Enquirer: 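Please see the structure below; I have some questions.
In this text the structure is predicted, and so the values were computed from the model without any measurement.
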Amino acid sequence: MTLALVLAALGLAAWRAPQLFVLAGEGFPGPVWPAAGAYDLVEGASGMADPPPAEAPPEAARVRLAESEGRALLMERGGFLRREVYLGGVDRDTRLNSYSLVKSLVGALVLRAVADGKIDGLETRLRAVLGARAPDVSVGDVLTMSSGLAMSPEPPKTGMASADDHAFSPFGPLARIHAYGIEAVMADLRVDPEMAGEFHYQSANTALLGLMLERVYDMPLPELLSSLIWKPAGAADAWWRRYPAGEGVSAYCCLYARPLDWVRVGRFLLDNGTPGSPFLPEALWRDLLLPDLAPQARRQGVYGDQVRHDVLDRPDAALHGAFAYFSGLDGQTVYFLPAQDAVVVRFGARMQLLHSTLYELFPDG
């Protein structure tokens with residue numbers, strides 16, 4: 001009788017959530033490389049020498065990092081690595097999971113596709129690229145996660161507090177994407193008219209953007225990232241998670257790379273490429289990292305082109321100004337501070353306060 005019940009339960013699980021068996025061998029992608037699962041190489045630049053080790057951050061910044069189970073904190077300013085510390089058995093050569101940080105690189109590549117003429121503009125309908133099975137939304141709607149895309153029975157994620165897929169369930173719709181890829185579940189996506197036009201965090205948006213980029217460039221996403229951002233930035237090899245039972249990589253998650261290489265990528269994007277070869281036209285670069293936002297909106301936090309925006313305005317602090325940041329599960333963060341000409345990278349096991357991290361790292365502004 002017990003065996004019969006077990007078999008019946010397995011049969012029900014296989015019928016209701018077949019992705020369980022696909023994902024069982026991998027589990028939820030771990031924070032440190034190597035990790036279970038299959039991965040594609042994002043080829044890095046060859047022959048790049050790493051900078052000398054930098055000084056440790058100020059004590060207040062180190063204490064906050066340790067208290068939040070941080071793994072790495074680096075600060076680069078004006079093209080020079082100024083601060084660097086690793087904790088919890090991590091060192092400079094350890095590759096860490098980006099989680100949703102990589103979404104922002106996909107967003108940058110979408111703007112590059114506009115600049116390259118691969119799509120006519122952000123008003124382009126997704127169906128014009130992906131066909132009739134795709135949801136009837138624009139590229140811009142998907143880019144800003146204001147498309148209204150929903151997957152039953154997953155509730156919408158609202159507000160800036162919905163920083164990532166914290167409620168990931170192997171029974172949920174995101175797990176189906178995680179197992180089979182976005183093409184296999186595209187027909188299950190629907191547009192909720194009550195959600196359309198407002199920000200709702202949904203990783204399916206980024207998965208669709210990744211598929212669109214592969215179509216318009218006729219190139220796998222890891223190769224595209226390598227050629228347009230990763231190699232030009234001087235970053236070392238990285239590894240991007242593949243769908244275990246589908247085609248391609250999970251555009252919304254799980255690029256394993258060194259924190260130092262995120263610093264290099266951050267510098268490349270903050271500088272908008274190189275003087276002789278800009279990554280984006282000026283207007284699109286500003287849309288990505290320094291958009292024109294109302295002060296109150298920026299103060300409340302804004303989600304832009306797969307990038308978040310905020311401001312440092314504490315009256316008693318020396319550090320002030322707008323900043324952009326990439327955000328991933330458990331507080332993986334890449335900060336861009338244009339006024340300070342600085343990039344900050346933080347990895348860890350738990351979130352830490354967004355603004356305080358910067359105030360303590362830049363006590364003199």
Enquirer: Aromatic rings Trp262 and Trp230: how do their planes relate, parallel, tilted or perpendicular, breaks at 30° and 60°?
Expert: perpendicular

Enquirer: What pairs with Pro31 under side chain to side chain contact (heavy atoms under 4.5 Å, CB included), at least two apart in sequence or on another chain?
Expert: Arg71, Tyr99

Enquirer: Between Asp292 and Arg286, does a salt bridge (Lys or Arg N to Asp or Glu O under 4.0 Å) hold up when you go through it step by step?
Expert: CA-CA 8 Å; Asp292 186 15; Arg286 293 189 70 85; over 6 Å; no

Enquirer: Would you indicate whether the side-chain heavy atoms of Pro220 and Asp40 approach each other to under 4.5 Å?
Expert: no

Enquirer: Work out which heavy atom in Thr144 is nearest to a heavy atom in Phe199; give both atom names and the distance.
Expert: O-CD1, 3.8 Å

Enquirer: Would you mind reporting whether Leu149 and Pro135 have side-chain heavy atoms less than 4.5 Å apart?
Expert: yes

Enquirer: Should side-chain heavy atoms under 4.5 Å link Ile, Leu, Val, Met, Phe, Trp and Tyr, which residues sit in the same cluster as Tyr256?
Expert: Trp33, Tyr39, Leu41, Trp239

Enquirer: Any non-hydrogen side-chain atom of Leu209 less than 4.5 Å from a side-chain atom of Tyr252?
Expert: no

Enquirer: Side-chain heavy atoms under 4.5 angstrom apart, residues restricted to Ile, Leu, Val, Met, Phe, Trp, Tyr: same cluster for Ile119 and Val106?
Expert: yes

Enquirer: For His178, is there any backbone N or O sitting under 3.5 Å from a side-chain donor or acceptor partner on Arg241?
Expert: yes

Enquirer: Does Arg299 form a salt bridge (Lys or Arg N to Asp or Glu O under 4.0 Å) with Asp313? I'd like the steps, not just the answer.
Expert: CA-CA 8 Å; Arg299 191 172 295 114; Asp313 59 359; 2.8 Å; yes

Enquirer: Mind listing the closest non-hydrogen atom pair of Leu319 and Leu358 along with its distance?
Expert: CD2-O, 3.6 Å

Enquirer: Whether Glu76 and Arg82 form a salt bridge (side-chain N of Lys/Arg under 4.0 Å from carboxylate O of Asp/Glu) is what I want to check.
Expert: no

Enquirer: Provide the closest heavy-atom pair for Pro29 versus Cys254 in the form atom of the first, atom of the second, distance.
Expert: CG-SG, 3.6 Å

Enquirer: For Met219 versus Ser227, what's the shortest heavy-atom pair and its separation?
Expert: SD-OG, 4.2 Å

Enquirer: Taking the hydrophobic residues Ile, Leu, Val, Met, Phe, Trp and Tyr, and joining any pair whose side-chain heavy atoms are under 4.5 Å apart, which ones share a cluster with Phe80?
Expert: none

Enquirer: For Gln352 and Thr357, run side chain to side chain donor-acceptor pair (under 3.5 Å): C-alpha distance rounded to whole Å, both residues' side-chain angles, the deciding distance at 0.1 Å, then the answer.
Expert: CA-CA 7 Å; Gln352 67 181 59; Thr357 297; 2.8 Å; yes

Enquirer: Anything under 30° is parallel, anything over 60° is perpendicular, the rest tilted; go ahead and classify Phe323 against His355.
Expert: perpendicular

Enquirer: Taking the six-membered ring for Trp and the single ring otherwise, decide whether the centroids of His309 and Phe336 are under 6.0 Å apart.
Expert: no

Enquirer: On a heavy-atom basis, which atom in Phe347 and which in Asn97 lie closest, and how many Å separate them?
Expert: CE2-O, 3.5 Å

Enquirer: Assess the side chains of Ser98 and Gln332: does a donor N or O sit below 3.5 Å from an acceptor N or O?
Expert: no

Enquirer: Would Asp188 and Arg133 satisfy salt bridge (Lys or Arg N to Asp or Glu O under 4.0 Å), going step by step from the backbone distance to the final call?
Expert: CA-CA 9 Å; Asp188 298 332; Arg133 292 177 63 248; over 6 Å; no

Enquirer: Under the salt bridge (Lys or Arg N to Asp or Glu O under 4.0 Å) criterion, do Arg92 and Asp261 qualify, and how do the steps go?
Expert: CA-CA 10 Å; Arg92 182 181 262 199; Asp261 292 316; over 6 Å; no

Enquirer: Keeping Ser100 on the side-chain end and Lys103 on the backbone end, is there a donor-acceptor pair under 3.5 Å?
Expert: no

Enquirer: How far apart are the closest heavy atoms of Tyr243 and Val249, and which atoms are they?
Expert: CE1-O, 3.4 Å

